[in-house]
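Encoded as structure tokens, the structure appears first; notes follow it.
We use all heavy atoms of the structure for the numbers below, so side chains are in, but hydrogens, waters and symmetry mates are not.
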2 protein chains.
Amino acid sequence: MTRAVKRTTHQGIREAIRARIISGEWKLGERIPGEVALAEEYGCSRTTVNRALQTLAQEGMVERKRKGGTRVRPLPTSQAQFRIPIMREQVESRGHRYSHRIESREVRVPPMAIRKQLELPDNDPAAYVESLHLADGKPFAFEKRWVNLGSVPAFSDADLSHESANEWLVRHVPFSRGEVRLSASAANAKQARLLGTDKGAPLFTMHRLTWFEERTITAIELSFAPGYEITFGV
Amino acid sequence: MTRAVKRTTHQGIREAIRARIISGEWKLGERIPGEVALAEEYGCSRTTVNRALQTLAQEGMVERKRKGGTRVRPLPTSQAQFRIPIMREQVESRGHRYSHRIESREVRVPPMAIRKQLELPDNDPAAYVESLHLADGKPFAFEKRWVNLGSVPAFSDADLSHESANEWLVRHVPFSRGEVRLSASAANAKQARLLGTDKGAPLFTMHRLTWFEERTITAIELSFAPGYEITFGV
DNA sequence: GAGTGGTCTAGACCACGGT
DNA sequence: CCGTGGTCTAGACCACTCA
């Protein structure tokens, strides 16, 4: 049984207002009463109403403008929190045993596209790691990773036998920001062999590029074994 | 030039604390000073510090527990706001002209998997629409949609000549929640023909299932033409 | 110019959860 | 138990933006 939320908490008021919007009492694009009016109606302080409305605005249910008041969004925008998948967590949360295996590791000059992404001076080498993420020993995802040694020189000596390249980097460069691209691509020969599928099979693919304070850190391509899905609520 | 944020606003304090975490002053998993201490340090009220920390918690940078205090997240969780793509917006924001075309429309009993998703009583028919989303007249995405007529009977008479099924539904059932799955799949013959690619080509695919107040509304499969990517910052 | 949201404050009480 | 975060309040001033 769900515990009812008190009427005069910011959560209670938020849900009450949400219900009134959903019920159609205030229609799409329509202006709803001001904070002062709502505070009086609900018998609470304006601060509390403000918090409720700010949350609804963040969720995309209403739009707020000074002087313009608060309006129901004309076209509701669905949005969701998307958590970047961490391999180990992902596998273990499904009740499987996680492991990973380095397929190859070297230092060399990356192809043009990667040099550009990593903003590498020409002919500067970078670390390259190919690895396989496994669930209960079965291939789960294939990872190609380039690491900018200009930004993270210590990566050359990283011991990747017990933690993945990602885990090592997270410990050494914890707060990086990044850009993510999701796409579908056809398995090449190597991917097909390592992921146990056929050449040309459709693979869900994620590219990531991360920075720490204006310096590029690493560029990753993750190809997931067939059947992989990302799921989230909206 | 970016306007500096005042030191005693919740934004300013949030960024100050973020900087101290990034700088390594407080390490991963470490407990940071309490709200009262920070309020004193920054010369503001506890309320303001509270708001700054709540925001950082929401972003996933810190974890907060009563009595336990506030800690830097042991493993930083990257997360992003992901906006559900609206076809028209998506196409028009790239400077193309959006159009769409109904390929087929009928009412019939859906296959088992869809009946289950839509929680349809056996043998109840549903509306089925196949349509193509175009950018500058070129195929962009192929949509297969089932609509639960038990929940939205008016859909039978919907005029889809000027708006897409999605746009019609958004106007009539604006505040639905949903579940999204992203995957990669191989183009079948029809998809290949309509999207102008080859059979077996990898297609980025999005499945959506939406509800309004415990009633299922619609189940959608969107297959994007090759080359399509979703991009977002983290 | 004036109305509306954005934010800060100081104080208060509550609820959770480690010790 | 009792320290910490969670929240509410009443009042105040500010900043944007519409008319």
Side-chain angles (χ1 to χ4, degrees), chain A residues 1-18 20-21 25-74 77, chain B residues 1-18 20-21 26-27 29-74 77:
Chain A
M1 163 122 187
T2 325
R3 182 78 161 66
V5 178
K6 279 225 213 81
R7 253 177 50 94
T8 53
T9 63
H10 67 99
Q11 296 175 29
I13 289 168
R14 163 168 41 89
E15 294 313 317
I17 294 175
R18 191 203 305 280
R20 291 170 78 171
I21 292 175
E25 178 176 341
W26 298 312
K27 301 194 184 16
L28 298 183
E30 201 171 299
R31 182 164 164 176
I32 77 176
E35 296 185 348
V36 189
L38 287 170
E40 194 164 346
E41 177 179 345
Y42 285 106
C44 66
S45 72
R46 181 167 83 90
T47 317
T48 304
V49 172
N50 179 277
R51 181 155 179 196
L53 289 175
Q54 287 205 12
T55 308
L56 287 174
Q58 208 183 6
E59 287 178 18
M61 179 153 278
V62 299
E63 273 176 348
R64 321 191 72 202
K65 251 187 278 186
R66 280 155 156 148
K67 167 75 179 178
T70 301
R71 292 176 179 281
V72 180
R73 257 242 154 78
T77 3
Chain B
M1 163 120 188
T2 325
R3 180 80 160 62
V5 179
K6 280 222 214 81
R7 254 178 49 95
T8 54
T9 62
H10 67 98
Q11 297 174 29
I13 289 169
R14 165 170 35 92
E15 294 314 316
I17 293 175
R18 191 204 304 283
R20 290 170 79 172
I21 291 175
W26 298 312
K27 301 195 182 17
E30 200 170 302
R31 182 164 166 175
I32 77 175
E35 296 186 349
V36 188
L38 288 169
E40 192 163 352
E41 176 178 346
Y42 285 107
C44 65
S45 72
R46 179 166 84 92
T47 317
T48 304
V49 172
N50 179 277
R51 181 157 179 192
L53 289 176
Q54 286 204 13
T55 307
L56 288 174
Q58 209 182 6
E59 287 178 18
M61 179 153 277
V62 299
E63 271 176 347
R64 321 192 69 201
K65 256 187 279 186
R66 281 160 158 145
K67 170 73 182 181
T70 301
R71 292 176 179 282
V72 180
R73 256 243 153 78
T77 350

Please round to the nearest 0.5 Å and tell me the distance separating atom [atom1] of [X] and atom [atom2] of [Y].
X: A:Glu35; Y: A:Gln54; atom1: CD; atom2: CD; result: 7.5 Å
X: A:Leu38; Y: A:Ile17; atom1: CG; atom2: CD1; result: 5.0 Å
X: B:Thr70; Y: B:Lys65; atom1: OG1; atom2: NZ; result: 11.0 Å
X: A:Ile21; Y: A:Leu56; atom1: CD1; atom2: CG; result: 6.0 Å
X: B:Thr55; Y: A:Gln58; atom1: OG1; atom2: CD; result: 8.0 Å
X: A:Thr47; Y: A:His10; atom1: OG1; atom2: NE2; result: 12.0 Å

Grab the [atom1]-[atom2] distance between [X] and [N] for me, whole Å please.
X: A:Arg66; N: D:dC18; atom1: CZ; atom2: C1'; result: 14 Å
X: A:Lys65; N: C:dT4; atom1: NZ; atom2: P; result: 15 Å
X: B:Leu38; N: D:dT4; atom1: CG; atom2: C1'; result: 13 Å
X: B:Leu56; N: D:dG5; atom1: CG; atom2: C1'; result: 15 Å
X: B:His10; N: D:dT7; atom1: NE2; atom2: P; result: 16 Å
X: B:Ile13; N: C:dT7; atom1: CD1; atom2: C1'; result: 12 Å
X: B:Ile17; N: D:dG5; atom1: CD1; atom2: C1'; result: 14 Å
X: A:Arg51; N: D:dC8; atom1: CZ; atom2: P; result: 7 Å

Q: Taking A:Arg71 for its side chain and A:Gly29 for its backbone only, find out whether a donor-acceptor pair lies under 3.5 Å.
A: yes
With a 4.0 Å limit, can you tell me whether [X] has a side-chain N or O closer than that to the phosphate oxygens OP1/OP2 of [N]?
X: A:Thr70; N: C:dG5; result: yes
X: B:Arg46; N: D:dT4; result: no
X: A:Ser45; N: D:dG11; result: no
X: A:Gln11; N: D:dT7; result: yes
X: A:Asn50; N: C:dG5; result: no
X: A:Gln54; N: C:dG5; result: no

Scan [X] against the nucleic acid and name what it touches under 4.0 Å (heavy atoms): base, sugar-phosphate only, or nothing.
X: A:Gly69; answer: sugar-phosphate
X: A:Gly34; answer: sugar-phosphate
X: B:Arg71; answer: nothing

Q. Of A:Thr48 and B:Pro33, whose closest DNA chain D nucleotide lies nearer the 5' terminus?
A. B:Pro33
Q: Would you mind telling me which of D:dG3, D:dC16, D:dG5 lies closest to the side-chain atoms of B:Arg64?
A: D:dG5
Q) Which residue, A:Thr47 or A:Lys67, contacts DNA chain C at a nucleotide closer to its 5' end, judged by nearest heavy atom? A) A:Lys67
Q) Should we count CD of A:Glu40 as having more than 12 external heavy atoms under 6.0 Å? A) no
Q.
Please report the end-to-end axis angle for the helix from C:dG1-D:dC18 to C:dG18-D:dC1, five pairs per end, rounded to 10 degrees.
A. 20°
